[in-house]
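Note that ligands are numbered from 1 as they come in the structure, with each ligand's atoms numbered from 1 the same way.
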Amino acid sequence: MPRKFFVGGEWKHNESPKKVKKIVSTLNEAEVPCHDVVEVVVGPPFISLTLVKSLLRSDFHVAARNCWVGEKAPISPEMLVKMDIPWVILGETKRRAVSKETYERVGDKVAHALSQGLKVIACVGETLQQRESGSTMSVLAAQTKAIAEKITNWDNLVLAYEPVWAIGTDNVATPAQAQESHYEFRKWLSENVGAAVAASTRIIYGGFVNGATCHEFARQPDVDGFLVGEASMKPEFIDIIKSATVKKN
Ligand SMILES: O=C(CO)COP(=O)(O)O
């Protein structure tokens, strides 16, 4: 089965309710390819999660941006499920860096969230230092192995490759660099998890994609969509969603 294009928006910072409503109304009014062509998920900060959920069009979905392991956790998957929040983003670069989340901790969270019925966007990616020392693939492998060891069903998991060095910086990766990493990553999945999982799991790209660059990235055969930061709060997010049609052409 072909991998459906996936566009995630990770709203970087909290906005006033007025601004949130404006972003949502831009999304709600947009004409975008149908749900069979592209799946759209937006991840506002927690404080706006219920507001966005209540206003957002029904063909787009919302994601929480983190949850913990265990029913008694401050924000548990169980709680998100009760709130009818279908997705969670885990392993965000900032959480790995600032909150010192280990690979194992992210793996535990992913496994627990999936077991409770959430769909998960799991972020992986290397720092500039790791890239320059030639360890990109070994970092992606270690981060993904910590997840793979704890799950058996990959249906509800999307992998987001976020090269840390290309997030919110001027060090933009080229589409060819993104393709190379996605290709190697899929190959690793095939050899270490299984050919079927490698063929069906969406690997989306997150590294300063915007309305001007999205088409070229979308053309890359192993890029199955995007996890977008800053541009996801701007009207150009619509162009990024529409870049799904590149795959169809
Ligand atoms: O953080 C990102 C994806 O998760 C990307 O952020 P930017 O698109 O702002 O670089």
Trainee: Report, in ascending order of atom number, the atoms of ligand 1 lying under 4.0 Å from any heavy atom of Lys12.
Mentor: 1 (O), 2 (C), 6 (O), 9 (O)

Trainee: Below 4.0 Å from any atom of ligand 1, is there a heavy atom belonging to Glu92?
Mentor: no

Trainee: Who's the nearest protein heavy-atom neighbour of atom 4 (O) of ligand 1, and how far?
Mentor: Glu162 OE2, 2.1 Å

Trainee: Are there more than 12 heavy atoms of other residues, nucleotides or ligands under 6.0 Å from atom OH of Tyr103?
Mentor: yes

Trainee: Got the closest protein heavy atom to atom 5 (C) of ligand 1, with its distance?
Mentor: Gly229 N, 3.7 Å

Trainee: Polar-atom distance check: Ile167 versus ligand 1, any N or O pair below 3.5 Å?
Mentor: no

Trainee: Before accepting this row, confirm whether a basic side-chain N of the pair Glu10/Lys12 lies closer than 4.0 Å to the acidic partner's carboxylate O.
Mentor: yes

Trainee: Pairs of nitrogen or oxygen atoms closer than 3.5 Å, one from Val228 and one from ligand 1: do any exist?
Mentor: no

Trainee: Looking at Glu10, which atoms of ligand 1 are within less than 4.0 Å of one of its heavy atoms?
Mentor: 1 (O), 2 (C), 3 (C), 4 (O)

Trainee: If the threshold is 4.0 Å, N to carboxylate O, is there a salt bridge linking Lys82 and Glu78?
Mentor: no

Trainee: Can you measure from CD (Glu15) to CE (Met233) and round to the nearest 0.5 angstrom?
Mentor: 5.5 Å

Trainee: Check the hydrophobic clustering (I, L, V, M, F, W, Y; side-chain heavy atoms under 4.5 Å; chains of links allowed) and say if Val139 and Phe185 are grouped together.
Mentor: no

Trainee: Is it the side chain (CB and beyond), the backbone, both or neither of Glu230 that lies under 4.0 Å from ligand 1, heavy atoms counted?
Mentor: both

Trainee: What orientation do Phe217 and Tyr205 show, parallel under 30°, tilted 30 to 60°, or perpendicular over 60°?
Mentor: parallel

Trainee: For Leu227, counting its heavy atoms only, list the atoms of ligand 1 lying under 4.0 Å from any of them.
Mentor: 3 (C), 4 (O)

Trainee: Only one of Leu118, Val62, Leu114, Val81 forms a side chain to side chain contact (heavy atoms under 4.5 Å, CB included) with Val88, so which one is it?
Mentor: Leu118

